[in-house]
Amino acid sequence: MNIMSPNDWITLSPEPLDSAAAVAFVTDGRAGGIDVFLGTTRAETSHDGRALIALDYEAYEQMAGEQLRELARRARAQWPIVKLALLHRTGRVALGEPSVMIAVSTPHRADAFAACRWLIDMLKKDVAIWKKEVWADGSGTWVHPVVPSPGTPGEG
Amino acid sequence: MNIMSPNDWITLSPEPLDSAAAVAFVTDGRAGGIDVFLGTTRAETSHDGRALIALDYEAYEQMAGEQLRELARRARAQWPIVKLALLHRTGRVALGEPSVMIAVSTPHRADAFAACRWLIDMLKKDVAIWKKEVWADGSGTWVHPVVPSPGTPGEG
Amino acid sequence: MTVTIKLFAILRERANVSKMRIELPASATVAAAREALAERLPALRDHLPRVAWAVNRAYVPIETELHDGDELAVIPPVSGG
Amino acid sequence: MTVTIKLFAILRERANVSKMRIELPASATVAAAREALAERLPALRDHLPRVAWAVNRAYVPIETELHDGDELAVIPPVSGG
């Protein structure tokens with residue numbers, strides 16, 4: 001999924017994210033401030049000594065794409081955004097590479113910070129994307145998986 | 001002025017700012033979030049129709065360098081910063097190029113946003129740097145200059 | 001009526017299937033689909049109380065009525081970013 | 001004693017000088033230096049009530065005592081970023 005209108009660039013793709021391209025996209029003569037957020041992965045070792053080597057991202061692509069577009073619309077309704085980029089990787093992401101990148105340009109800097117912060121918070125909370133930690137021995141652990149706990153009241 | 005320790009990169013220089021280099025510098029296996037702020041200049045036309053073409057930055061280099069280092073220290077005292085870059089241009093900056101770039105990596109994203117926001121606010125408020133707007137006809141206007149107003153009580 | 005079920009992440013792995021069709025009585029709700037799924041795929045039983053539901057790519061409450069041809073997605077807690 | 005004065009931005013342009021030395025009596029304050037400056041460089045007079053002062057690259061209040069060899073910078077409102 002890759003949508004690039006003149007002012008919004010929204011992507012869900014296995015391609016590495018390019019911060020310079022995101023900055024260039026949102027740079028605009030009407031903007032005085034640009035805020036960029038990059039989500040990266042902390043190096044980790046499992047309790048039994050295996051190193052984390054990558055994350056595998058899976059998305060419900062159609063829904064996640066619609067959700068990202070809707071988040072862009074809602075951000076624009078709240079802040080005077082000049083341009084924005086909302087980019088998320090799918091598939092395997094090596095440690096040290098960002099999995100998500102959000103860039104927002106606005107006339108004044110406070111709005112760029114607020115919109116960027118809101119977008120990453122909402123993305124993490126709602127968008128149909130899942131990550132699986134991949135360990136050095138090839139095993140995988142879904143992050144925030146449903147913890148099996150029979151009898152727990154459902155959330156629907 | 002260019003100081004690059006393993007974890008802090010602080011520069012006051014006429015060289016163009018490279019967002020990919022700043023992101024690469026602050027990327028770290030201990031960080032889960034990176035926030036980057038870029039200050040750009042809005043296109044403008046003066047009341048008599050001259051276009052803004054550039055900004056000329058002047059710094060009290062020794063003092064500004066010490067102030068930037070002190071801001072880095074104060075930010076580290078407030079947030080668990082893994083790495084940071086605090087980069088400001090001097091001399092002529094063409095419209096469309098960022099004049100300032102701040103990048104901060106932290107274990108959790110809320111701290112990266114907060115530290116980055118605080119650093120740009122403090123930089124604009126206190127650091128001994130001045131900008132002059134350069135217009136298409138070659139004339140210049142200092143930004144936030146002392147407005148001549150004889151008899152106004154001094155701030156000391 | 002026929003509803004397409006989509007499974008993701010841990011649910012897809014547990015069920016070993018990402019997409020399937022189920023037959024439901026007319027006017028069945030998402031809750032009824034959940035019961036049918038738990039019966040067809042016992043491996044998901046422990047997970048189903050903890051998931052959200054999306055019909056045609058939008059989150060819905062569990063009492064939502066389904067329609068023939070709907071795409072019902074089982075959404076385990078998301079972890080993007 | 002001798003104090004080095006540094007001027008920046010609009011003040012440097014108005015005075016047409018970026019650095020100069022002035023002689024002051026021992027224990028003179030920043031306020032006294034301000035008076036001496038206003039006399040030496042009348043072009044700065046209108047600006048001096050609105051500036052901040054830095055001694056040896058740190059902001060100081062106007063009543064600060066100066067010492068021989070100090071670098072006193074006249075800091076018009078900053079506009080970095």
Side-chain angles (χ1 to χ4, degrees), chain A residues 16-45 51-53 55 80 82-83 85 94-121 123-124 131 143, chain B residues 16-45 51-53 55 80 82-83 85 94-121 123-124 131 143:
Chain A
L17 301 174
D18 177 345
S19 62
V23 166
F25 180 81
V26 301
T27 295
D28 190 285
R30 294 165 293 173
I34 294 172
D35 195 47
V36 185
F37 176 78
L38 296 90
T40 56
T41 303
R42 284 184 296 283
E44 217 180 303
T45 305
L52 183 65
I53 57 166
L55 297 173
V82 178
K83 292 186 174 171
L95 237 63
E97 293 181 8
S99 48
V100 59
M101 197 177 288
I102 298 177
V104 178
S105 60
T106 60
H108 300 284
R109 69 185 182 282
D111 293 321
F113 280 105
C116 198
R117 177 69 199 271
W118 183 86
L119 283 164
I120 183 61
D121 286 352
L123 184 155
K124 288 176 89 95
K131 66 163 77 75
V143 177
Chain B
L17 301 175
D18 177 346
S19 61
V23 166
F25 180 80
V26 301
T27 295
D28 191 285
R30 294 163 293 174
I34 294 172
D35 195 47
V36 186
F37 176 79
L38 296 90
T40 55
T41 304
R42 284 184 296 283
E44 214 180 306
T45 306
L52 182 65
I53 57 165
L55 297 173
V82 178
K83 291 185 175 173
L95 237 62
E97 292 181 8
S99 48
V100 59
M101 197 177 288
I102 298 177
V104 178
S105 59
T106 59
H108 300 283
R109 70 184 181 284
D111 293 321
F113 280 105
C116 198
R117 176 68 199 272
W118 182 86
L119 284 164
I120 183 62
D121 286 352
L123 185 155
K124 288 176 88 95
K131 65 163 78 73
V143 177

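Throughout, protein chains are lettered first and strands after them, A, B, ... in sequence-line order, and every chain is numbered starting at 1. Both backbone and side-chain heavy atoms feed into the values below; hydrogens, waters and symmetry mates do not.
- Atom CG of A:Asp35 is separated from atom CD1 of A:Ile102 by 10.0 Å, given to the nearest 0.5 angstrom.
- Contact annotation for A:Ala110: both backbone and side-chain heavy atoms come within less than 4.5 Å of a heavy atom of chain B.
- With a 4.5 Å cut-off on non-hydrogen atoms, B:Arg30 touches chain A through its backbone but not through its side chain.
- Comment: A:Arg109 engages B:Asp121 in a salt bridge, judged by a side-chain N to carboxylate O separation of less than 4.0 angstrom.
- Comparing A:Ala21, A:Pro98, A:Ala31 by heavy-atom pairs within less than 4.5 Å of chain B, the highest count is held by A:Ala31.
- At a 4.5 Å heavy-atom cutoff, the contact between A:Thr41 and chain B is made by backbone atoms alone.
- Most heavy-atom pairs under 4.5 Å with chain A: of the set B:Leu38, B:Thr27, B:Asp18, this distinction falls to B:Leu38.
- Most heavy-atom pairs under 4.5 Å with chain B: of the set A:Ala24, A:Ser19, A:Gly32, this distinction falls to A:Gly32.
- The line from CG of B:Leu95 to CD1 of B:Ile53 is 9.0 Å long, rounded to the nearest 0.5 Å.
- Nearest heavy atom pair, residue B:Thr106 against residue B:Val82, reads CA-CG2, 4.1 Å.
- Side chains of B:Arg42 and A:His108 form a contact here, defined as non-hydrogen atoms less than 4.5 Å apart.
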